[in-house]
Amino acid sequence: MNKKTLVMGVIGADVHSVGNKILERAFTEAGFKVVNLGVMVSQEEYIQAAIETAADVILVSSLYGHGEIDCRGLREKCDEAGLEKVPLYAGGNLVVGKAPFEQVEKRFHEMGFKRVYPPGTMPDVTIADLKKDLGVE
């Protein structure tokens with residue numbers, strides 16, 4: 001199988017690393033090539049890594065609540081860099097406060113994200129979506 005490449009990391013000033021490591025292991029065990037940028041990742045770092053690795057998808061996580069702010073404009077920057085076919089996924093505690101997830105999801109879809117996951121989403125849910133979206137058996 002030609003492994004699909006995932007670029008992942010924790011965006012912005014967020015330093016939450018435990019979930020990041022769990023996801024990296026789950027995605028690797030599911031057969032993906034994982035490029036984990038770690039924590040405190042800038043939009044530019046995601047884009048550069050995606051270009052360098054010919055990534056098939058970019059996964060952004062955030063737990064400190066500022067994901068919406070940190071992700072704003074990422075789709076446009078990706079498109080400008082020639083990554084318009086690379087889907088964006090986001091998950092975690094993406095906003096400050098208690099907004100209903102449907103509202104959060106809608107905002108991220110409007111920002112160009114293909115998939116959006118609430119806090120506590122199990123890795124197998126994302127893995128199933130990745131396989132479906134990337135055409136992996």
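The residues of the chain are indexed from 1 along the displayed sequence. If you're wondering where the values come from, they're calculated on a predicted model, not measured in any experiment.
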For residues Asn20 and Gly38, report the shortest heavy-atom separation together with the two atoms involved.
ND2-CA, 3.7 Å

When every non-hydrogen atom of Ala50 is compared with those of Leu83, the smallest separation belongs to CB-CD1, 3.8 Å

Leu74/Met111 under side-chain contact (heavy atoms from CB on, under 4.5 Å): CA gap, chis, key distance, verdict
CA-CA 8 Å; Leu74 179 58; Met111 291 191 313; over 6 Å; no

Quick one: salt bridge (Lys or Arg N to Asp or Glu O under 4.0 Å) pairs with a partner in residues 124-135, sequence neighbours left out?
Arg115-Asp129, Arg115-Asp133

Under a single-linkage definition using a 4.5 Å side-chain heavy-atom cutoff for Ile, Leu, Val, Met, Phe, Trp and Tyr, are Tyr46 and Val116 assigned to the same hydrophobic cluster?
yes

Listed once per pair and sorted, the salt bridge (Lys or Arg N to Asp or Glu O under 4.0 Å) pairs that draw on residues 58-71, sequence neighbours left out:
Glu68-Arg72, Glu68-Arg107

His109: partners by side chain to side chain donor-acceptor pair (under 3.5 Å), with sequence neighbours left out
none

Would you call Val60 and Leu88 a side-chain contact if the rule is heavy atoms closer than 4.5 Å?
no

Please find the pair of heavy atoms, one from Gly9 and one from Val41, that lie closest to each other, and give the distance.
CA-CG2, 4.3 Å

Contact check, side chains of Leu134 and Val57, non-hydrogen atoms, under 4.5 Å
yes

Please tabulate, one pair per line, all N/O donor-acceptor pairs under 3.5 Å involving side-chain atoms of residues 91-106, not counting sequence neighbours.
unit_1 : atom_1 : unit_2 : atom_2 : d
Asn93  : ND2    : Leu63  : O      : 3.4
Lys106 : NZ     : Glu110 : OE2    : 2.7

To the nearest 0.5 Å, tell me how far Cys71 SG sits from Gln43 CD.
7.0 Å

Side chain to side chain contact (heavy atoms under 4.5 Å, CB included) filter on Val39, not counting sequence neighbours, yields Val10, Ser17

Grouping ILVMFWY residues whenever side-chain heavy atoms fall under 4.5 Å, the cluster of Val18 otherwise contains Ile22

The complete set of salt bridge (Lys or Arg N to Asp or Glu O under 4.0 Å) pairs with one or both residues in residues 38-57, sequence neighbours excluded, reads Glu44-Lys77

Of the non-hydrogen atoms in Thr5 and Ala54, which two are nearest, and what is the gap between them?
CB-O, 4.4 Å

Check: Thr126 and Phe27 side chains under 4.5 Å, non-hydrogen atoms:
yes

Compare every heavy atom of Gly31 with every heavy atom of Lys3, then report the nearest pair and how far apart it is.
CG-O, 3.3 Å

Within a strict 4.5 Å, meaning less than it, do heavy atoms of the Leu130 and Val136 side chains meet?
no

Verify the cluster assignment for Phe32 and Val125: are they in a single hydrophobic cluster under the rule of side-chain heavy atoms below 4.5 Å apart?
yes

One should read off an interatomic distance between Ile58 CD1 and Thr53 OG1, to the nearest 0.5 angstrom, of 8.5 Å

Residue pairs, two or more places apart or on separate chains, that pass ring-ring contact (aromatic ring centres under 6.0 Å, His included) and touch residues 67-99:
none

The complete set of ring-ring contact (aromatic ring centres under 6.0 Å, His included) pairs with one or both residues in residues 112-137, sequence neighbours excluded, reads Phe108-Phe113

What pairs of residues pass the ring-ring contact (aromatic ring centres under 6.0 Å, His included) test when at least one of them lies in residues 61-83, not counting sequence neighbours?
Tyr64-His66

Hey, quick one: are Val35 and Ile47 part of the same hydrophobic cluster, counting side-chain heavy atoms closer than 4.5 Å, chains of contacts allowed?
yes

Pairs in or reaching into residues 78-93: which pass salt bridge (Lys or Arg N to Asp or Glu O under 4.0 Å), with residues at least two apart or in two chains?
Arg75-Asp79

Side chains of Val7 and Val86 in contact at under 4.5 Å (non-hydrogen atoms)
no

Rounded to the nearest 0.5 Å, the CG atom of Leu59 sits from the CD1 atom of Ile11 at a distance of 12.0 Å

Connected hydrophobic set around Met122, excluding itself, where side chains approach under 4.5 Å
none

